[in-house]
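Any value given below was found using the heavy atoms of this structure, including those in side chains, with hydrogens, waters and symmetry copies removed. Throughout, protein chains are lettered first and strands after them, A, B, ... in sequence-line order, and every chain is numbered starting at 1.
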Number of protein chains: 4
Amino acid sequence: MQPRKAKQSKTVSNDQPAEHAGEETDRRTQLLHIALKRFAEQGYHQTKISDIVVEAGVAQGTFYWHFKSKEALALEIIATGREQLLSAIGQGYRRDAGTLADMVKASEALFVRLFDFALENRYLMGLLLIGSGVDEPVRQSIRETRAAMEQAFRRNMERAIELNMLPGELDVELRAALLMSMIEGVITRWLFGSEGTHDHITQITAKRLAAEAANFEFYGLLGQS
Amino acid sequence: MQPRKAKQSKTVSNDQPAEHAGEETDRRTQLLHIALKRFAEQGYHQTKISDIVVEAGVAQGTFYWHFKSKEALALEIIATGREQLLSAIGQGYRRDAGTLADMVKASEALFVRLFDFALENRYLMGLLLIGSGVDEPVRQSIRETRAAMEQAFRRNMERAIELNMLPGELDVELRAALLMSMIEGVITRWLFGSEGTHDHITQITAKRLAAEAANFEFYGLLGQS
Amino acid sequence: MQPRKAKQSKTVSNDQPAEHAGEETDRRTQLLHIALKRFAEQGYHQTKISDIVVEAGVAQGTFYWHFKSKEALALEIIATGREQLLSAIGQGYRRDAGTLADMVKASEALFVRLFDFALENRYLMGLLLIGSGVDEPVRQSIRETRAAMEQAFRRNMERAIELNMLPGELDVELRAALLMSMIEGVITRWLFGSEGTHDHITQITAKRLAAEAANFEFYGLLGQS
Amino acid sequence: MQPRKAKQSKTVSNDQPAEHAGEETDRRTQLLHIALKRFAEQGYHQTKISDIVVEAGVAQGTFYWHFKSKEALALEIIATGREQLLSAIGQGYRRDAGTLADMVKASEALFVRLFDFALENRYLMGLLLIGSGVDEPVRQSIRETRAAMEQAFRRNMERAIELNMLPGELDVELRAALLMSMIEGVITRWLFGSEGTHDHITQITAKRLAAEAANFEFYGLLGQS
DNA sequence: AATGAATGAGCCTTCATTCAT
DNA sequence: CATGAATGAAGGCTCATTCAT
């Protein structure tokens, strides 16, 4: 008597397609999408349950048939999103060897996958990267997701060191933090850069962005010489 | 009948000294400090006016004699903090020429100034970098502050290009964004890294951090060769 | 299209046997039993329809096919219980004459019947005697049932006076009230006494209890001299 | 910043005088009185905070300035009432010896004190004896209060046995339960007896009621011979 | 400057009940 | 008979803000 748990956990964060237009998708999924969008756009606290249900065209009570609470909803959104995100960036340096250029290419490819994912899941990324107004349990879940992402970068880096493609004396944790920070920041600016300001970064393609980021990652400001 | 605007706008964000202990500091400043601390620690929305006044040991109404509203308070905190922050990192590459090593050193020096400032104003940095739960007007003010910071990096970079110390074809805006992101992330982890996890980053000194960051900035992961 | 009224109004309040285990008993009866149990255990308001249907393993809507409303259900439970209760204690002083000892014995026998009934219908008694959380219409029905019980005691008393077995100047109504109160209280403590406290009353047999009560009824604290 | 605790815990349950008419009494006390009245009259669950504040002519929020929650309010009412009640019936068989008649008189005096108290605190008694719709924590507090009352009767009885005024083989616990039940029932009927029915018990004076109860207590139905 | 009582709009959540299938 | 999704009226509580003193 009360599902409150998706059977198949339909994809949530892919927010572009159908935008809860096609009513063939079920209520639960619809509410999930609307909630994610508003959480990302107006912040968690600023999003009222009534906003969500009004947009969905259902009664207030309906929300609580599908979800235990606002917080449980947010937690589910993030958990689902985390899985998708991690699986999207999951594959790192597969090749057992290669040239430096190969490695840069591999990194670039990873960035492309990540940026593409971010573009298709901008609301999820907004929630994860900006996450405004969430309270502790949700914030915690977001933190964990970002930490998991950072771990992915770190593992890649360690793998590269094993392969002798990166200097062994690297402070891996710190470098992973630097890299992760860079990527988080660039995605934030790319997707949510206030177009009011002179940001032309919002116009760049994922491909180009990935190339620049990978270049910076390996060669720094001085660039590939 | 109501000031609500500091005569001298005593320094706010320097949160270490006096910790609203010495009662020689006035009410207004005391409230400002307490509010900043709680905004940074628990988030803006999560901080109730009643929390602030209880900690200050005054009545609820007193708050509204000193400040127009919660939002005005936050805005003032950020505006004051911005000035301090920008003046702390204001001086860039002064020398008209120099070797590459000089330039790296100069960048490192900038980072040291910034990290030192951050350490002494951790609550302010928490508000600026995490700024959880703030609503739009406040978020806007934070955005502007961070944009101003990024501009500082950008100007430095442009100056370096003028001096032929960095390749001219650099996409300055993007690189500044990457750099700023990196620095923001590293400060966040350094000051607020969940010590629960295996972050050893919280233990590093500002000096060391600055050196690593500058190295990454110029040479990337491959490091100074 | 909807019965909502039992054909045969199967016994409801006899709550020990079958405990809605044997599925030979029908839905309606099952729901009735579950509801009675929970009303007695957690109170009327505290018992949600969803609790009942979950325990019965049916859908929410099913409840409303069998019963018009929660209140109608409670009213039916009480009405059914009232009939059983009154028929259980219905027979009073049949003998046209007798000694004082006979009369005490007869009263004791009545108590035994009542206590036995209570033991076998503890949920019904809980609802009638504690009836926590019920709102007016239901409370009214409970009041009437208890009043009917009190009437039974009263009639017995009047009969005893007619037979010159009790002093004629007795204030029958008041005495009946005193007696009824006593019995209600003793049943409540016997069946629902918080075993947490030092109540050893919960351990006494119906027989013993009846003897004590009858003794007190006729002889008071000073006892049978 | 929030009292929520009476300084002097002004008398609460004495509900007759001034009926929150004299506005010299403070808000908190006024709310306490109104709440008690409505709890007794309509039940706890049925009493909405909005009922209380509307009757008091204040805003909804005002309630929460004075009390932490609806439940805390009820708990406070009961705790305060318990103290008053116990102090009202506190003095038992003081005389170290005396005749049987003395003892009956003493018991009668106790009943008079109790009935007088009940009459002056009918709402409190209603809450304690009927206590409809309260949920667990409050019910627990009521249970404890009634248990404390029963203890008072029990102690009196034990004292009487020590003085050889009552037979030593008495089952004190059971008899105290019987007596307490009797008293609870009689007060309930006296104060809240549905005048709709033929209850003339509602008309009796406290004095007369006490005499009858004491007589029944010691001599049972057969009466003082 | 400060107090503290009061305000009231607003939010989350509950739950009895309905209804199309 | 039964399902389960949906409804919507409440109700408790929060908290920024106001105001008379």
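For D/Tyr64 and F/dC13, the shortest distance from a side-chain N or O to OP1 or OP2 is below 4.0 Å. OP1 or OP2 of E/dA16 has not a single side-chain nitrogen or oxygen of C/Ser69 nearer than 4.0 Å. In this model, the phosphate group of E/dT7 is approached by a side-chain N or O of D/Thr62 to a distance below 4.0 Å at OP1 or OP2. Within the 4.0 Å cut-off from OP1 or OP2 of F/dA6, at least one side-chain nitrogen or oxygen of A/Arg27 is found.
Judged by closest nucleotide on DNA chain E, A/Phe63 is the one of A/Phe63 and C/Tyr44 placed further toward the 5' end. The 5' end of DNA chain E is approached more closely, in terms of each residue's nearest nucleotide, by D/Val58 than by the other of C/Glu71 and D/Val58.
Of the residues A/Gln46, A/Gln42, A/His45, the one that meets the side-chain contact (heavy atoms from CB on, under 4.5 Å) test with B/Asp135 is A/Gln46.
Counting distance only, with no hydrogens placed and no angle test, the side-chain atoms of C/Gln60 and the base atoms of E/dT17 include a donor-acceptor pair under 3.5 Å.
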Point to revise | Strand DNA chain E in bracket notation, Watson-Crick/G-U under 3.5 Å with | for pairs to another chain | key: .||||||||||||||||||||

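Here E/dA6 is the nucleotide among E/dT7, E/dA6, E/dC15 with the atom lying nearest to any side-chain atom of D/His66. Candidate nucleotides F/dC13, E/dC15, E/dT7 were compared by shortest atom distance to the side chain of C/Lys48, and E/dC15 ranks first.
When every heavy atom of B/Leu127 is checked against every heavy atom of B/Ala40, the shortest pair comes out as N-CB, 4.2 Å.
The side chain to side chain donor-acceptor pair (under 3.5 Å) check on D/Gln140 picks up D/Arg143, D/Glu144, with sequence neighbours excluded.
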